[in-house]
Amino acid sequence: MTKPAAPIRFQPPAIDKLPEDIRSRILAVQEKSGFVPNVFLTLAYRPDEFRAFFAYHDALMEKDGGLTKAEREMIVVATSAANQCHYCVIAHGAILRIRAKNPEIADQIAVNYRKADITPRQRAMLDFAMKVSREANEVSEADLAEIASHGFSDDDIWDITAIAAFFALSNRLANVTAMRPNDEFYMMGRLPKQG
């Protein structure tokens with residue numbers, strides 16, 4: 001299979017030329033996962049923005065709260081699919097499969113979350129996230145009351161909103177830079193680990 005040529009613009013410096021904090025983070029990710037996700041390399045093109053991006057990413061995606069880590073990834077996959085972001089659907093689909101311990105869920109959500117094997121509460125969460133992602137200007141008090149009626153607190157609603165908004169930014173950066181998912185993401189979480 002032939003892959004498109006890498007874009008000639010926005011090339012990050014070599015890892016050994018990056019600022020120490022960014023290089024350390026990239027090498028830690030490589031040690032943990034066995035590869036460097038392309039998002040780290042692409043965003044290293046702008047070190048200050050790399051730091052800000054990953055600080056906000058971690059604040060949204062790695063915290064405890066009313067949303068599980070799998071539910072946070074569901075939001076990313078559904079909204080990224082709507083935004084036609086190849087990188088985020090594939091990369092976060094892999095994370096979703098692992099966090100949900102379900103090899104089918106990411107594909108279901110990416111294609112049509114309304115038909116996915118998720119709970120009514122999760123469907124309401126994704127309905128709201130999609131409205132934030134696609135039509136935030138139309139979000140009303142009725143929408144907030146509807147999502148709250150499914151047991152989401154104000155902090156949960158903020159998280160849903162912030163994740164959808166943050167990944168709208170990420171989707172656009174990934175599309176403009178032609179960021180490609182690493183091959184490793186495609187099979188992650190699909191098959192049981194071999195002992």
- What's the verdict on side chain to side chain contact (heavy atoms under 4.5 Å, CB included) for Ile90 and Asn182, showing C-alpha distance, side-chain angles and the deciding distance? CA-CA 9 Å; Ile90 301 303; Asn182 303 69; over 6 Å; no
- Query: Is there a chain of hydrophobic side chains (I, L, V, M, F, W, Y, each step under 4.5 Å between heavy atoms) that links Ile15 to Phe35?
  - Reply: yes
- Would a line drawn from the ring center of Tyr45 to the ring center of Phe50 be shorter than 6.0 Å? no
- Ala94 to Met188 - nearest heavy-atom pair and separation: CB-CB, 3.8 Å
- Query: Do Asp58 and Arg25 sit within salt-bridge range, that is, some charged N less than 4.0 Å from a carboxylate O?
  - Reply: yes
- At their closest point, which heavy atom of Leu96 faces which heavy atom of Ala70, and how far apart are they? CD1-O, 3.4 Å
- Answer yes or no: is there a donor N or O on one side and an acceptor on the other, between the side chain of Ser133 and the main chain of Ala129, under 3.5 Å? no
- Query: Is the closest side-chain heavy-atom distance between Gln30 and Leu27 below 4.5 Å?
  - Reply: yes
- Task: Give, for atom CZ of Arg172 and atom CZ of Phe167, the distance between the pair rounded to the nearest 0.5 Å.
- Result: 13.0 Å
- Task: Give the C-alpha distance, both sets of side-chain angles, the deciding distance and a yes or no for side chain to side chain contact (heavy atoms under 4.5 Å, CB included) between Asp159 and Lys63.
- Result: CA-CA 10 Å; Asp159 285 343; Lys63 68 191 272 184; 3.1 Å; yes
- Working to the nearest 0.5 Å, report the span between CD1 of Ile75 and CD1 of Ile109. 10.0 Å
- Inter-residue atom distance Arg123.CZ - Lys115.NZ, 0.5 Å rounding: 9.0 Å
- Query: Any side-chain donor paired with an acceptor under 3.5 Å for Ser24 and Asp21?
  - Reply: no
- Message: Starting from Leu60, can I reach Trp158 by hopping between I/L/V/M/F/W/Y residues whose side chains sit under 4.5 Å apart?
- Response: no
- Query: Could you go step by step and tell me if Gln122 and Thr119 meet the side chain to side chain contact (heavy atoms under 4.5 Å, CB included) rule?
  - Reply: CA-CA 5 Å; Gln122 290 166 337; Thr119 67; 3.2 Å; yes
- Item | Closest non-hydrogen atom pair between Ala78 and Met130, with its separation | O-SD, 3.6 Å
- Test item: side-chain donor near acceptor, Gln108 and Asp117, under 3.5 Å: yes
- Quick one: are Ser80 and His92 in side-chain contact, heavy atoms under 4.5 Å? no
- Query: Excluding sequence neighbours, so at least two apart, what forms ring-ring contact (aromatic ring centres under 6.0 Å, His included) with Tyr186?
  - Reply: none
- Nearest heavy-atom neighbours spanning Gly93 and Ala106: O-CB, 3.4 Å
- Note on the structure: Here the gap from Met125 atom CE to Ile163 atom CD1, rounded to the nearest 0.5 Å, amounts to 8.0 Å
- Query: So, does Arg97 use its side chain to make a donor-acceptor pair with the main chain of Ile105 at under 3.5 Å?
  - Reply: no
- Message: Using every non-hydrogen atom in the two residues, find where Arg190 and Pro103 come nearest and quote the distance to one decimal.
- Response: O-CB, 3.4 Å
- Side chains of Asn83 and Arg134: closer than 4.5 Å at any heavy-atom pair? yes
- Message: Looking at Glu62 and Arg99, is any side-chain nitrogen of the basic one under 4.0 Å from a carboxylate oxygen of the acidic one?
- Response: yes
- Message: Taking the basic N atoms (NZ, or NE/NH1/NH2) and the acidic carboxylate oxygens, is any pair closer than 4.0 Å for Glu71 and Arg121?
- Response: yes
- Item | Exercise: identify the closest heavy-atom pair between Ala174 and Cys85 | CB-SG, 3.6 Å
- Message: In this structure, would Ile147 and Phe166 fall into the same cluster of hydrophobic residues linked by side-chain contacts under 4.5 Å?
- Response: yes
- Trace of the side chain to side chain contact (heavy atoms under 4.5 Å, CB included) decision for Val39 with Phe54: CA-CA 10 Å; Val39 66; Phe54 285 108; 4.2 Å; yes
- Task: Taking the side chain as every heavy atom from C-beta outward, state whether Thr42 and Phe10 have any atom pair closer than 4.5 Å.
- Result: no
- Can you check salt bridge (Lys or Arg N to Asp or Glu O under 4.0 Å) on Asp16 and Arg23, steps first, answer last? CA-CA 7 Å; Asp16 63 347; Arg23 183 172 55 252; over 6 Å; no
- Task: Determine whether Val139 and Leu126 fall in the same hydrophobic cluster, where Ile, Leu, Val, Met, Phe, Trp and Tyr are linked whenever their side-chain heavy atoms lie under 4.5 Å apart.
- Result: yes
- Item | Side-chain donor-acceptor contact under 3.5 Å, Ser153 with Asp156 | yes
- Message: What's the separation between atom CD1 in Ile118 and atom OH in Tyr113, rounded to the nearest 0.5 Å?
- Response: 8.0 Å
- Task: Check whether any side-chain heavy atom of Asp143 sits under 4.5 Å from a side-chain heavy atom of Ser140, and report yes or no.
- Result: yes
- Would you confirm whether the ring centroid of Phe53 sits within less than 6.0 angstrom of the ring centroid of Phe40? no
- Task: Mind checking the CZ-OH spacing from Arg180 to Tyr87? Nearest 0.5 Å is all I need.
- Result: 12.0 Å
